[in-house]
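Just so you know, these numbers use all the heavy atoms, side chains as well, and skip hydrogens, waters and symmetry mates.
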Amino acid sequence: QVQLAESGGGLVQAGGSLRLSCAASGRTASNYPMAWFRQAPRNEREFVAGIDWTGTTTYYAGSVQGRFFISRDNAKNTIYLQMNRLKPEDTAVYYCAAQPGGAIRAVVHDDDYWGQGTQVTVSS
């Protein structure tokens with residue numbers, strides 16, 4: 001089992017920055033690819049960024065490419081999402097996911113582990 005806990009969300013003005021953290025527990029957490037997803041009201045949960053277990057391969061959604069950066073510290077069992085130049089359309093609940101499939105996945109799978117989410121609100 002893997003338990004995930006996100007933190008770092010909040011209210012920020014457009015153009016500002018936030019850094020989200022996701023602390024993982026469980027003996028295999030550092031072996032899994034990890035990802036950030038987000039979900040705005042009335043929308044599907046969508047992929048934001050993913051990172052492999054080594055931290056050397058990353059993928060981003062086109063809407064955040066060049067503004068958001070994912071990283072991980074396996075010694076601390078923590079992944080991060082640095083969000084820069086935030087826009088009102090980035091407003092959503094942000095979730096981290098541990099993905100047991102062996103590769104970064106940009107869609108939700110039944111065997112993913114999820115945190116409880118953290119709210120990010122960007123004001124215009």
Side-chain angles (χ1 to χ4, degrees):
Q1 283 288 338
V2 176
Q3 292 80 43
L4 303 171
E6 302 95 337
S7 61
L11 173 64
V12 63
Q13 288 189 330
S17 298
L18 280 175
R19 188 194 196 203
L20 305 184
S21 299
C22 174
S25 60
R27 61 183 179 90
T28 60
S30 62
N31 295 336
Y32 290 161
M34 301 287 291
W36 288 96
F37 285 73
R38 66 186 181 187
Q39 189 166 18
R42 299 176 298 278
N43 284 4
E44 298 286 323
R45 192 167 296 192
E46 65 174 2
F47 174 80
V48 175
I51 188 166
D52 73 342
W53 75 273
T54 68
T56 57
T57 300
T58 57
Y59 292 112
Y60 295 93
S63 58
V64 306
Q65 182 81 42
R67 299 188 298 123
F68 291 12
F69 300 93
I70 188 171
S71 60
R72 70 189 296 162
D73 184 340
N74 284 342
K76 297 181 179 179
N77 273 350
T78 302
I79 67 164
Y80 305 95
L81 186 68
Q82 177 66 43
M83 306 187 294
N84 301 323
R85 305 199 320 268
L86 282 160
K87 304 176 181 179
E89 50 263 45
D90 294 319
T91 295
V93 177
Y94 283 71
Y95 299 90
C96 68
Q99 303 180 313
I104 301 167
R105 303 185 295 206
V107 295
V108 172
H109 281 68
D110 289 342
D111 61 347
D112 292 339
Y113 296 96
W114 295 94
Q116 81 288 350
T118 185
Q119 176 71 46
V120 172
T121 303
V122 184
S123 63
S124 57

> Under the side-chain hydrogen bond (donor to acceptor under 3.5 Å, both in side chains) test against Gln39, which residue among Glu46, Arg45, Glu44 passes?
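In the set Glu46, Arg45, Glu44, the residue that makes a side-chain hydrogen bond (donor to acceptor under 3.5 Å, both in side chains) with Gln39 is Arg45.
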
> Angle class for the Trp114/Tyr95 ring planes (parallel below 30°, perpendicular above 60°, tilted otherwise)?
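The rings of Trp114 and Tyr95 stand perpendicular, inter-plane angle above 60°.
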
> Are Phe68 and Ile51 connected into the same hydrophobic cluster when the rule is that any two of I, L, V, M, F, W, Y join if their side-chain heavy atoms are below 4.5 Å apart?
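Yes; Phe68 is reachable from Ile51 via cluster members.
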
> Check for me, please, whether Phe37 and Ile79 land in the same ILVMFWY cluster - side-chain distances under 4.5 Å, paths through other members count.
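No, no single cluster joins them.
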
> Under the side chain to side chain contact (heavy atoms under 4.5 Å, CB included) criterion, do Leu20 and Tyr80 qualify, and how do the steps go?
CA-CA 5 Å; Leu20 305 184; Tyr80 305 95; over 6 Å; no

> Assess the residue pair Ser123 and Gln13 against the criterion (side-chain hydrogen bond (donor to acceptor under 3.5 Å, both in side chains)); give the C-alpha distance rounded to whole Å, side-chain angles, the decisive distance to 0.1 Å, and a yes or no.
CA-CA 5 Å; Ser123 63; Gln13 288 189 330; 5.0 Å; no

> Is it the case that the side chain of Arg105 and the backbone of Ala35 share a donor-acceptor pair, with hydrogens and angles ignored and the cut-off at 3.5 Å?
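Such a contact is absent between Arg105 side chain and Ala35 backbone.
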
> Are Leu4 and Val93 connected in the hydrophobic side-chain network, where two residues link if heavy atoms are under 4.5 Å apart?
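No; tracing contacts between hydrophobic side chains, which count when under 4.5 Å, never links both residues.
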
> Carefully, step by step, assess Ser17 and Val12 under the rule side chain to side chain contact (heavy atoms under 4.5 Å, CB included).
CA-CA 7 Å; Ser17 298; Val12 63; over 6 Å; no

> Could you go through the side chain to side chain contact (heavy atoms under 4.5 Å, CB included) check for Val120 and Leu18 one step at a time?
CA-CA 9 Å; Val120 172; Leu18 280 175; 3.9 Å; yes

> Hey, does the side chain of Asn74 reach the backbone of Trp53 with a donor-acceptor pair shorter than 3.5 angstrom?
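Pair found, side chain donor or acceptor close to backbone of Trp53.
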
> Taking the ring of Phe47 and the ring of Trp36, is the distance between their centroids below 6.0 Å?
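For Trp36 and Phe47, the ring centres are not under 6.0 Å apart.
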
> Quick one: do Arg67 and Asp90 make a salt bridge, cutoff under 4.0 Å?
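Looking at Asp90 together with Arg67, the answer is yes, because their closest N to O distance falls below 4.0 Å.
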
